[in-house]
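This one's a predicted model, so the numbers in the text were calculated from it and none came from an experiment.
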Amino acid sequence: QEQIEQEIIEKSVEVDLDNKKILVDLPFIKPPVEYLSKKHGGDNNYYQALRVYKTQCRRPDRLKDGMKKMHADLVDRGFLKKLTDLTPAQQKIIKDSGFKHYMPWRSIEKTDSLSTPVRLVVDPSMSGLNMILAKGTNNLTKINSILLRNRCRRYIWTSDVSKLYNHLVLKDTALPYGLFLYNESMDSDVKPEVFVMTVAWYGVTSSGNQAGEGLEKLCRILQKNYPLAYKIIVQDRYVDDILTGSNTREEADKQVDQVKSALEHGNFPLKFVLKSGMKPCEISSSDGSTIKVLGYRWSPEGDVLSPGFSEINFNKKSRGAKAPNPFPVVDPEDVSKLLNETNISRRIVISKLSEIFDPLGLWEPYKLQLKLEAKDLNGIDWDVALDQEVQEHWTLRFHQFLDIPQMIAQRCIIPDDAVDPERMRLICISDAAVSAGGCAIYGSFLKTDGTYSCTLLTAKNRIMKDSIPRNELEGVRL
C-alpha cells in the first residue's frame, strides 16, 4: 500500500523549468468530495475551522502579535491570498467545488527558532483531509549515514532550504481544499476573511514526500549540468537540512555553487551557507558560535561537535513545545529551585535521559551509566514520587546535566598528516558483561610518519540480561 501511495505522490509532482516552479496536486487515495461531505454532513467544514480560529483569537497578545507577523509574511510571499484576489477562473473552481475545505490552524511557539519563533500550523487530521491523502514510503536519508559520511570529510558545509514546503505551488485543482480563516484584528467577535493557501504546508500528510520528490526530480533533470547537486540532494539531505562536504576546499565550494544553481531552477532558496572554519552568520546561530546540525551542536570555527542538549526544563510538553523556565537555569542551585515543588518520578527521569540525543554514540559510556541507574526504577509506577534518597541521587545527576553541552568531540576524524584521506581502515570492537554490552568502530588513517591514527567514529550500547557469553554475541550484533 505504501508503495502504491508513493507512486501516486510521484505522479502529483511536476517540474516546470520554464517558470522555475515545482507544481503539486493533492494526491487523494479516496474521492474527497464524497468522503468529506459524509464526514461533515454538508459541503464544507466552515464552522469547525471557525471554532478553532476563535481559540487562537483568545491566545496571549504576545502570541497574537507573532501570528499577525507570520500571516503578513505569508501573504507578502504569495503563499496565502485573499479569496477575492484570486483570478476569476480560480475563484470559479472554488465556488463550483463539491466540498469547500477550511483548514483548522493553530499557532505554535518555537523559542529556539531564529527566523520563525511563532508558526502557523494547519491541522488537516482534525478535518479528516489527511485520512484521504497519500503518505507514501519513508524515503528520508538516515541521520546516522549523513553524520558518518561527514565525519570522514575534511571540509564540510551545511545549509537549510528556506520554507521548503511553501515553495511547492499548488495546482488550481487543489485550491478548494486550502481555505484559511483569518482577520488581522484577531478579534473573535469579528468575522474572519477567507484566504486561500496557494502552496503546500507543513502538517499536510503528503507535503513531506512531495517536497523530497520535487527536489530529487528537479536535480535529476538537471543532473548533467549539476552532477554534484543531485548526489547531495539524494544522499546528504534530511528534509530541508543539507550537510555535506569534501576532502578538498575546491570541491566543497563547487558543491555549494551547484546546489544553489540547481535549486534556483525550482525557486528553492537556501537560507544560509555555513562552511567549516567559518564564524556562523546571525541568521544561522542563536549564540553566535554554534549551530544545530542533525541533533548536534556544531561549532564550525573550531570544527567540534557537542550534544544538542538545550536548557534543562521539567515542564510538560503541550502541542510539541514546553513552556519556558521562569528564570535562566545556569547553575545547580537553579536546577534545585526548579525541582523544589516537583516530585521526581520515573517518568521525569526517563524523559530527561531521552533528551540526550547522540545518534553517533560519541558519549556512550556516560549514557550507559545513566541507563544502568535508570534500570533500577523498572517496575515503579511512572508518576509515583521516588523514594527521597533516590530523588536526591537524580537531583545530583540533573545538576551534572548542566555540563552536557560542554562535552565536545572533533567533527573530522582525518588527521592533518594523513597520507590519503580517501583510504580509511575500520577497527571494530565489542564487549559485554552481566548487565550491558556495546560496540565501537574506530577510523584509522596511515600518517606520513608511518604510524596510524585511531579515532572513535561511532558506538552503541544496550542493556542486556542474558549470560555473559550470549551478551557478548549480542554486542557483536550491535
Side-chain angles (χ1 to χ4, degrees), residues 141-159 227-238 241-259 273-280 284-285 289-308 357-366 405-430 438-460 478:
T141 307
K142 292 182 179 178
I143 289 178
N144 262 29
S145 299
I146 299 174
L147 290 168
L148 286 172
R149 280 195 291 273
N150 283 285
R151 293 206 75 203
C152 304
R153 291 165 174 162
R154 278 184 166 154
Y155 309 101
I156 68 168
W157 60 275
T158 185
S159 188
L228 296 178
Y230 177 70
K231 184 177 179 181
I232 288 167
I233 292 301
V234 172
Q235 295 184 356
D236 287 339
R237 174 188 59 85
Y238 187 80
D241 294 323
I242 297 171
L243 181 65
T244 190
S246 173
N247 281 321
T248 68
R249 288 190 187 276
E250 294 74 20
E251 182 167 304
D253 290 341
K254 194 174 180 181
Q255 289 175 340
V256 173
D257 292 339
Q258 287 201 16
V259 169
V273 172
L274 183 58
K275 302 176 184 177
S276 49
M278 287 176 54
K279 183 178 176 64
S284 66
S285 174
S289 61
T290 64
I291 178 176
K292 283 189 173 181
V293 174
L294 301 182
Y296 288 95
R297 280 273 175 193
W298 177 43
S299 176
E301 279 189 289
D303 208 6
V304 294
L305 296 172
S306 58
F357 186 70
D358 174 29
L360 287 173
L362 302 180
W363 294 284
E364 288 300 275
Y366 176 65
Q406 308 308 315
M407 299 191 294
I408 61 171
Q410 286 296 320
R411 191 274 310 165
C412 178
I413 69 168
I414 305 172
D416 294 337
D417 56 350
V419 173
D420 184 355
E422 301 290 342
R423 290 178 63 85
M424 176 177 66
R425 71 176 185 178
L426 296 177
I427 302 172
C428 308
I429 61 173
S430 69
C439 68
I441 300 176
Y442 291 80
S444 177
F445 292 85
L446 176 64
K447 301 197 291 184
T448 53
D449 63 0
T451 63
Y452 280 86
S453 67
C454 187
T455 308
L456 179 67
L457 179 61
T458 186
K460 193 172 184 180
L478 287 176

SG of Cys454 to CG of Leu456: how many Å apart, nearest 0.5 Å? 9.0 Å

Less than 4.5 Å apart, any side-chain heavy atom of Leu148 and any of Leu360? yes

Which pair of heavy atoms, one from Pro280 and one from Leu274, lies closest together, and at what distance? CA-CD1, 3.6 Å

Do the non-hydrogen side-chain atoms of Thr141 and Arg149 ever get within less than 4.5 Å of each other? yes

Check: Arg425 and Leu446 side chains under 4.5 Å, non-hydrogen atoms: no

Grab the two heavy atoms, one from Asn150 and one from Gly245, that are nearest each other, plus how far apart they are. OD1-N, 3.7 Å

Are the side chains of Gln235 and Ser145 in touch, meaning some heavy atoms are under 4.5 Å apart? no

Just wondering, do Arg151 and Leu362 contact through their side chains at under 4.5 Å, heavy atoms? yes

Exercise: identify the closest heavy-atom pair between Asn247 and Arg153: OD1-CA, 3.5 Å

Residues Leu457 and Leu426: closest non-hydrogen pair is CD2-CD2, 4.1 Å

Okay, side chain of Ser453, backbone of Phe445: is any donor-acceptor separation there less than 3.5 Å? yes

Does Glu251 reach the main-chain N or O of Ser246 with its side chain, forming a donor-acceptor pair under 3.5 Å? no

Run the salt-bridge test on Asp253 and Lys275 with the 4.0 Å N-O cut-off and return the result as yes or no. yes

Do Val304 and Gln410 have side-chain heavy atoms sitting under 4.5 Å apart? yes

Atom CD1 of Ile146 and atom CD1 of Ile232: how far apart are they, to the nearest 0.5 Å? 11.5 Å

So, for Arg154 and Pro415, which heavy atoms are closest and what is the spacing to 0.1 Å? NH2-O, 3.0 Å

Could you check if a side-chain atom of Trp298 sits within less than 4.5 angstrom of a side-chain atom of Ser276, using non-hydrogen atoms only? yes

Output the distance between atom CD1 (Ile427) and atom OH (Tyr452), rounded to the nearest 0.5 Å. 10.0 Å

State whether a side-chain donor-acceptor pair under 3.5 Å links Arg297 with Ser306. no

Measuring from atom CG of Leu305 to atom CG of Leu294, what distance do you get when rounded to the nearest 0.5 angstrom? 10.0 Å

Looking at Thr158 and Leu243, would you say the former's side chain and the latter's main chain have a donor-acceptor pair under 3.5 Å? no

Give, for atom NZ of Lys279 and atom OG of Ser299, the distance between the pair rounded to the nearest 0.5 Å. 9.0 Å

Residue Asp416 excluded, over 12 heavy atoms near CG under 6.0 Å: no

For Thr455, check side-chain hydrogen bond (donor to acceptor under 3.5 Å, both in side chains) against everything at least two apart and list the hits. none

Measuring only between side-chain heavy atoms, which start at C-beta, is Met424 closer than 4.5 Å to Ile413? yes

Where is the tightest heavy-atom contact between Tyr296 and Leu147, given as atom of each residue plus distance? CE1-CD1, 3.6 Å

To the closest 0.5 Å, what do you measure between CZ (Arg411) and SG (Cys152)? 9.0 Å

